[in-house]
Amino acid sequence: MSLADLSLDQWRSFELPAARRIAQEAAHQVDGNVTVVETVEHLGAPLHRVRIERHGQEFALVPGGAVILGFDLNTWQPTPEQAADFAESLDQGFGYGPDLRTHLAQVLSPHRSVILATLLMAVEDENLTELPADMPAVLAARGLRMPSSDEWEHACGAGTDTLFRWGNDCPLDRDPYEDRTGPHQQLSGFGLRIAYDTYRTELTSDVTAAHGGDGGESVCGGYGCMLAWLPLATANRNPSMAEFVYGPDGEDLCEDFSTRPVLTL
């Protein structure tokens, strides 16, 4: 079995010595060095985290296979506090539709099953140095590529089925920019620093999506706490931000956006 075919279920079944062997094999394939192999508690079970350093940049191992992405609105109900906070936003002219469920249907990716290859993804996103259309060539010169939207979403959620990678709730007494110790500051299940700052906007190979933030729009605009946290939702593809980035208003911008390079195994 090649490393690219490693599934998340298989990865979860391995003992730590086997995880270390796979980490060394992955590092060898990309001419890198293993810096971390650790086991954490994730979704009620142990999960190994691997970090590999290559050319001064750290990458996390992201096991793939058949995974569930998106958010299932049919099995979710907002808390009374979430619904009330969104209702206040609607009164101020923000949000899509009459209620929070309708709004989420407009911005979240659909609930679905996909098959992904195992890969190495940068622990930290990096600022674009060229226009979005030119970044694939820039990364290819370093032996890297942009992730797909599905790969980004899986790397963020790490098998969770909740609205955010840490659960369905978010603090409603402060926005994420003000909250320097909140759940978004914790590493993801796979050990990435991801969906951590709404002022960041991460781009992928999918020109219809933007991830991990909205450039601070929701915070600066006073949209309300629920709407301020939603750009950090795992399945949020922020179509309005993507339309801006790839439309005429954003065509000359690059310094305000980032991407998360991938090493293919």
Side-chain angles (χ1 to χ4, degrees), residues 69-111 125 149 152-153 156-158 160-188 192-204 206 208-247 249-250 253 256-258 260:
L69 299 180
F71 189 65
D72 188 359
L73 284 168
N74 292 324
T75 62
W76 172 84
Q77 288 289 337
T79 66
E81 294 78 13
Q82 289 173 335
D85 190 272
F86 181 77
E88 291 181 9
S89 297
L90 282 180
D91 288 342
Q92 298 299 315
F94 303 116
Y96 304 123
D99 53 36
L100 183 54
R101 184 185 299 275
T102 305
H103 177 88
L104 292 180
Q106 296 293 316
V107 300
L108 302 185
S109 66
H111 195 240
D125 59 313
S149 283
W152 191 98
E153 191 176 316
C156 180
T160 59
D161 60 1
T162 50
L163 184 58
F164 303 97
R165 55 184 170 81
W166 59 82
N168 282 320
D169 295 329
C170 60
L172 293 177
D173 58 347
R174 56 197 182 276
D175 66 51
Y177 183 73
E178 298 170 336
D179 191 348
R180 297 301 181 180
T181 60
H184 57 312
Q185 299 298 336
Q186 302 300 314
L187 297 177
S188 73
L192 289 88
R193 188 165 182 251
I194 193 168
Y196 64 95
D197 183 354
T198 58
Y199 278 85
R200 307 291 286 177
T201 302
E202 295 191 33
L203 306 183
T204 67
D206 184 348
T208 68
H211 299 272
D214 63 357
E217 177 185 346
S218 55
V219 175
C220 294
Y223 288 9
C225 285
M226 188 66 196
L227 288 183
W229 281 91
L230 278 180
L232 305 183
T234 303
N236 194 339
R237 296 202 169 186
N238 208 333
S240 62
M241 175 57 71
E243 184 177 355
F244 168 80
V245 172
Y246 296 104
D249 292 334
L253 300 177
D256 295 330
F257 310 119
S258 67
R260 193 170 294 268

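The model shown is predicted, which means the values in this text are computed figures rather than measured ones. In what follows, every heavy atom counts, from backbone to side chain, and hydrogens, waters and symmetry copies are set aside. Position 1 is the first residue of the sequence; numbering continues from there.
For OH of Tyr177, the number of neighbouring non-hydrogen atoms (other residues, nucleotides, ligands) closer than 6.0 Å is 12 at most. Heavy-atom neighbours of Gln185 CD from other residues, nucleotides or ligands within 6.0 Å: above the threshold of 12.
Rounding to the nearest 0.5 Å gives a distance of 12.0 Å between CZ of Arg200 and CD1 of Ile194. From Thr201, atom OG1 reaches atom CG of Asp256 across 8.0 Å, with rounding to the nearest 0.5 Å. To the nearest 0.5 Å, the span separating CG on Leu69 from NE2 on His111 amounts to 8.5 Å. Rounded to the nearest 0.5 Å, atoms CH2 (Trp76) and CG (Leu108) are 8.5 Å apart. We find the CG-CD distance between Asp173 and Glu81 to be 11.5 Å, quoted to the nearest 0.5 Å. Expressed to the nearest 0.5 Å, how far CD of Gln77 lies from CG of Asn74 amounts to 10.0 Å.
Minimum interatomic distance between Tyr246 and Ala209 (heavy atoms only, all atoms of both residues): CE1-O, 4.4 Å. When all heavy atoms are compared, the tightest approach of Ser188 to Cys156 is CB-O, 3.7 Å. Heavy-atom minimum distance, Leu90 versus Gly97: CD2-O, 3.3 Å. In plain terms, the two heavy atoms of Leu232 and Gly212 that are nearest each other are CD2-O, 3.3 Å. Closest approach of Asp206 and Ser149 over heavy atoms only: CB-OG, 3.1 Å. A pairwise comparison of heavy atoms in Pro171 and Asp179 identifies CG-OD2, 3.7 Å as the closest pair.
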Exercise for the section: Take Thr102 and Phe86 through the side-chain contact (heavy atoms from CB on, under 4.5 Å) test and state the conclusion after the steps. Expected result: CA-CA 11 Å; Thr102 305; Phe86 181 77; over 6 Å; no
Problem - Derivation and outcome, side-chain contact (heavy atoms from CB on, under 4.5 Å), residues Thr234 and Phe71 - result: CA-CA 8 Å; Thr234 303; Phe71 189 65; over 6 Å; no
Handout entry: CA sep, side-chain torsions, deciding dist, call: Asp72, Asp161, side-chain contact (heavy atoms from CB on, under 4.5 Å)
Key = CA-CA 8 Å; Asp72 188 359; Asp161 60 1; over 6 Å; no
Problem - Trace of the side-chain contact (heavy atoms from CB on, under 4.5 Å) decision for Met226 with Glu88 - result: CA-CA 10 Å; Met226 188 66 196; Glu88 291 181 9; over 6 Å; no
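For the residue pair Tyr223 and Gln92, no side-chain donor N or O sits within less than 3.5 Å of a side-chain acceptor on the partner. Judged purely by distance below 3.5 Å, without hydrogens or angles, the side chains of Gln186 and Trp166 never pair a donor atom with an acceptor atom.
His184 places no side-chain N or O within 3.5 Å of a backbone atom of Phe164 that could act as its donor or acceptor partner. Checking side-chain atoms of Asn238 against main-chain N and O of His211 turns up no donor-acceptor pair under 3.5 Å. For the pair Gln82 (side chain) and Asn168 (backbone), a donor-acceptor distance under 3.5 Å is present. Side chain of Asn236 to backbone of Leu230: a donor-acceptor contact under 3.5 angstrom is found. The backbone N or O of Arg174 sits less than 3.5 Å from a side-chain atom of Trp229, completing a donor-acceptor pair. At least one donor-acceptor pair under 3.5 Å links the side chain of His103 to the backbone N or O of Tyr96. Arg165 places no side-chain N or O within donor-acceptor distance of the main-chain N or O of Thr162, the cut-off being under 3.5 Å.
Looking at heavy atoms from C-beta onward, Tyr196 lies in side-chain contact with Asp125 at the 4.5 angstrom threshold. Using a 4.5 Å cut-off on side-chain heavy atoms (C-beta onward), Val107 and Arg237 make no contact.
Take Asp85 and apply the salt bridge (charged side-chain N to carboxylate O under 4.0 Å, His left out) test, not counting sequence neighbours, and it matches no residue.
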